[in-house]
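Take a look at the structure set out below.
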Amino acid sequence: MTHPIVVIGAGVEGLVAAAHLARSGQRVVVVERLQRPGGLCAGDEFHPGYRHVGIWHDASNFATTVSDALGLQLHGLRREERKAAFVVCPERGLWLDTSGVADAGYADAWNVHQGFLSRITPLAAGWLEQTPPVLSTTAALLPLAKRALALRRLGRADMLSLLRVGPSCVDDFLEESFADPLIRAGLAVPALHGSWMGPRSPQSTALYLQQQALCGQAVVGGPAALIHALVASCASAGVEIQCDAPVDHIEVAKGRARAVVLADGTALTAAQVISTIGPVETLEGLVHPSHRPVAQADVVRRIRTRGTFAKVHMAIKRSLTFKHAEDRVVHSAIVAAHPLDVERSFDDVKYRRLPRVPILDLRIPSHSTEGLCPDGHCVMSITTTVGAEQDAGWTAETRQALGVRVLETLASVTDLGRDDVAAIQVVTPDDLQTRWGHRGGHPMHGEMALDQIWALRPAPALAQHSTAIEGLYLGSTGTSPGLPATGLSGMHAALAVLGD
Amino acid sequence: MPSPTPFSARTHPLCTSYAFKEWAGKVAVRAYDTHSEREYTALRHTAGLLDVSPLYKYDIHGPDAAVFASRLWCRDVGAMKTGAVRYSAMANSDGQCLDDGTISRLGPLHFRFTTSEPWMHWWHAHSRGFNVRIEDMTERLCALAVQGPLARRILRPLVAWNLDKMRFFRIRQTTFVGDIPITISRTGYTGDLGYELWMAPEHAIQVWDAIVEEGTPLGLEPVGLDALDVVRIEAGFVLQGVDYLSARHCITDHQRSTPHEAGLGWTVDLDRDPFIGQDAIAQEVKRGPAWAIVGLELDWAEIEALYTAEGLPPHLAPVACRSAVPIYDAAGHNQVGQVTSSVWSPLLKRYLALGQVFSSHSVMGAKLRVEHTPEFRRRHVTARVVETPFFDPERKRSVVSKSREKA
């Protein structure tokens with residue numbers, strides 16, 4: 001019997017890779033360090049009777065090409081229009097959709113902005129949805145030429161605009177269309193999650209455009225439902241998923257990955273290995289340094305993985321009302337008054353302290369999904385920006401302080417009182433590192449700067465998902481396209497295995 | 001400004017010629033007399049005592065010391081046993097030679113490297129993930145080489161370890177008279193019987209004095225670098241900076257050499273875990289190295305004839321020549337390489353050279369032409385590719401048998 005392909009990590013990318021390989025007739029074993037599959041997209045009961053739908057609470061990046069290829073609709077995957085986000089600060093609020101911005105007097109600017117995005121994003125999506133081309137002086141030029149041609153076909157005006165704004169800061173780019181700080185904050189915040197950037201950081205527009213390019217319809221039930229469908233797809237294709245099976249190391253002999261050795265000593269001899277944990281964690285954490293290819297050792301050392309992503313879950317004993325939005329149900333809200341406030345919260349990241357005023361990007365999954373909490377109660381899923389490194393360290397006190405600041409910020413824009421909260425769960429970058437194994441606490445396993453995206457993600461030599469260790473492939477979000485829960489990294493890694 | 005070594009208090013007063021040079025930031029004696037002949041003769045007939053403290057020395061400690069050492073050097077040095085020494089080339093990831101040096105295994109988890117250049121940054125850059133501690137021992141250890149046919153006789157009463165049993169390229173931590181802790185290795189750069197002694201600087205003078213006292217009646221002489229340069233060519237040893245250039249100092253590709261092109265291909269163990277330069281060297285081996293370092297013997301009769309034609313007696317520089325001289329094909333039309341080191345060997349009575357030539361011209365016995373310029377006129381003389389080492393006495397590697405011990 002031939003040896004199976006071993007996939008390390010049962011997050012979205014790992015499950016996609018496994019399902020696709022199994023559907024192509026390969027024998028696949030997935031090993032997962034936690035008790036349940038899902039990684040950062042797994043739902044969990046964070047307080048008795050209250051569930052969240054994933055540390056990463058948005059699955060709208062998940063590529064339709066991947067769900068079609070895996071037949072996920074047959075396994076219960078449903079998608080729906082994304083609900084408009086409500087951008088709010090104590091003084092005012094604004095719905096981030098056509099009518100909302102029209103009310104604020106930006107109907108024309110909104111149309112121009114959306115028009116630009118609608119012309120740019122198909123190009124960007126076309127680039128990002130495929131395995132990146134090889135960038136080297138000896139590589140075939142045709143794939144690059146094709147992409148360059150697509151860029152040129154945008155027409156002179158759009159092409160120059162794209163080249164001009166791409167490396168710029170997102171707040172400058174948005175300010176060209178919107179003087180209203182609430183609109184700018186609302187658009188910029190979701191694009192910046194997990195990155196070492198504020199809205200005034202160079203290159204942040206590139207991040208915004210990528211996010212716009214890949215963001216599609218929402219998944220009904222959120223990331224947890226996506227995982228459910230992926231696990232079902234894996235099961236029907238015959239994938240074996242071993243949970244509670246942390247990997248100790250990858251056994252390499254003569255430059256080839258031979259086996260995945262678990263912490264309990266079990267060695268799973270592998271035909272190929274796809275690692276969907278981070279590239280750095282894989283090549284530095286799982287491969288003994290004496291087996292590491294020399295050429296890539298230095299490359300891996302340079303990959304930046306400093307996390308800035310924290311998550312707060314709140315179990316709330318009643319339903320909430322947002323200020324300035326009394327007439328509409330809020331599913332999704334961004335709490336930020338001004339892009340400069342967002343920038344200041346990034347300053348706090350740089351200066352290794354908790355945000356003085358946290359910027360919140362929150363979802364209320366219990367408004368759209370039943371059974372997450374008792375009737376009449378609600379679950380608040382809040383993403384915020386906090387540096388992995390804190391001068392005070394990650395202690396029980398700093399966690400609690402973060403929870404309290406988030407609670408206070410939330411209370412400033414809602415009718416929430418301290419007594420309404422049954423429980424607060426704080427997930428810090430430190431937890432991402434220790435519990436989920438994300439090096440540096442980075443949710444995407446690597447900074448999304450221009451030097452670490454697309455054909456440079458995580459590094460030029462690793463961008464095609466194969467490594468210099470024969471039979472070892474990388475399929476995490478640490479590889480292109482890099483946005484959370486697209487399924488594309490896992491799919492491309494699987495295709496790389498099948499192609500070799 | 002170069003600084004003294006722990007032996008300078010002894011070597012400098014003896015250096016009546018004032019012929020000093022800078023070696024790795026230290027003051028080193030070129031020749032104690034105006035000519036190095038006396039020192040050369042000692043090296044080949046009795047023994048020479050040489051201060052080799054300026055060599056760069058690094059200690060590697062830790063559970064990963066062996067695999068780390070193997071990754072840095074072209075040779076699989078991690079596989080050797082405690083007490084062994086190996087000589088190896090070191091390459092960068094493009095497979096170009098950076099340096100050569102010796103690697104000693106002092107313990108299961110303890111290695112020592114000696115190199116001609118400082119490499120702390122290099123060891124450090126490649127140590128990520130390895131459980132090792134790297135220590136620069138350059139200033140914390142000084143070293144003496146005792147080289148020559150009588151080296152063992154001189155050191156035997158001074159060293160606590162039985163040198164008669166010590167094999168070639170072995171190392172041992174032991175004591176010197178007066179319980180001075182030393183490390184002794186049967187290594188050297190002379191191609192003859194010889195030892196190198198490594199010690200803490202505070203013991204330097206005591207060790208020097210004891211060796212001089214024991215050796216002088218037997219003909220031991222302090223020797224300088226000029227004499228060493230002659231014997232190392234006789235031994236066929238390439239010198240970094242002369243016969244090949246470290247890739248770190250090179251500007252053009254033409255200046256860079258791979259280990260095979262630097263005559264160090266024999267130190268490369270290809271089929272093993274990744275080491276720096278492996279892929280590039282493997283590709284080079286597949287297509288064949290472009291250059292080779294060869295030993296050459298120049299035709300003395302032709303040289304003599306050139307001088308005779310000028311009405312002069314044959315003239316030879318009194319020291320080894322390090323200036324590059326063109327090598328041409330047998331017809332003398334096309335340049336096919338360059339001589340990098342050459343010397344008249346007083347012992348062998350042959351005019352010897354080391355040179356880098358196109359691989360196609362490196363076959364044993366091949367006839368080439370080397371430029372010679374008596375009275376500034378460019379002439380050629382015949383040179384033949386010959387085996388190195390030019391001088392390779394059996395005593396270099398042999399151990400003392402019981403019957404000969406008393407002799």
Side-chain angles (χ1 to χ4, degrees), chain A residues 134 136-139 247-259 261 273 275 277-306 433 437 439-440 446 458-462 464 466-472 474, chain B residues 60 62-80 89-98 103 109 111 119 121-134 247-248 253 258-259 268-284:
Chain A
V134 180
S136 91
T137 49
T138 52
V247 174
D248 183 73
H249 66 275
I250 298 170
E251 196 177 292
V252 178
K254 301 229 162 137
R256 186 176 173 86
R258 304 276 169 189
V261 181
V273 177
S275 174
I277 66 168
V280 184
E281 196 55 38
T282 304
L283 294 169
E284 289 202 337
L286 297 186
V287 179
H288 189 272
S290 59
H291 299 309
R292 283 181 212 153
V294 174
Q296 288 180 1
D298 227 23
V299 164
V300 175
R301 184 167 65 85
R302 295 194 194 109
I303 297 171
R304 301 191 305 284
T305 61
R306 290 183 296 185
Q433 166 140 339
R439 174 78 56 122
L462 297 168
Q464 284 73 41
S466 56
T467 67
I469 296 172
E470 209 185 322
L472 176 62
L474 302 176
Chain B
I60 316 292
D64 285 339
V67 284
F68 180 55
S70 279
R71 189 170 174 92
L72 296 170
W73 295 92
C74 294
R75 210 161 180 181
D76 191 4
V77 292
M80 68 181 171
M90 182 171 90
N92 63 16
S93 47
D94 295 327
Q96 294 150 344
C97 215
L98 289 172
I103 302 93
L109 310 180
F111 284 72
W119 290 110
H121 70 291
W122 186 256
W123 316 139
H124 188 80
H126 290 94
S127 67
R128 189 174 162 95
F130 287 93
N131 190 354
V132 290
R133 191 177 82 247
I134 308 162
R248 78 190 289 207
D253 264 341
T258 65
V268 178
D269 292 326
L270 263 185
D271 192 21
R272 58 186 175 95
D273 273 341
F275 65 90
I276 303 169
Q278 185 182 37
D279 295 347
I281 295 173
Q283 282 173 22
E284 185 206 28

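Protein chains get the first letters and strands the later ones, always in sequence-line order, with residue 1 at the start of each.
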query: B:F68 versus chain A, heavy atoms under 4.5 Å apart: side chain, backbone, both or neither?
result: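 For B:F68, no heavy atom lies under 4.5 Å from chain A.
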- prompt: With a 4.5 angstrom heavy-atom cut-off, which part of B:N131 approaches chain A: side chain, backbone, both or neither?
  reply: neither
query: Of the non-hydrogen atoms in B:R128 and A:R292, which two are nearest, and what is the gap between them?
result: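 Shortest heavy-atom contact: O-NH1, 3.3 Å.
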message: For a 4.5 angstrom cut-off between non-hydrogen side-chain atoms, does A:V294 reach B:Q278?
response: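 Contact flag for A:V294/B:Q278 side chains = no.
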Any side-chain heavy-atom pair of B:V67 and A:H291 under 4.5 Å: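 The answer is no, as the side chains (C-beta and beyond) never meet within the 4.5 Å cut-off.
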- prompt: If you count heavy-atom pairs under 4.5 Å between each of A:P293, A:S290, A:A297 and chain B, which one has the most?
  reply: A:S290
- prompt: If you count the non-hydrogen atoms of other residues, nucleotides and ligands that lie under 6.0 Å from NE2 in B:H121, is the total more than 12?
  reply: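 Yes - once you tally the heavy atoms of other residues, nucleotides and ligands closer than 6.0 Å, there are more than 12.
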- prompt: Using a cut-off of under 4.5 Å for heavy-atom pairs, which of B:P274, B:S93, B:A125 has the most such pairs with chain A?
  reply: B:P274
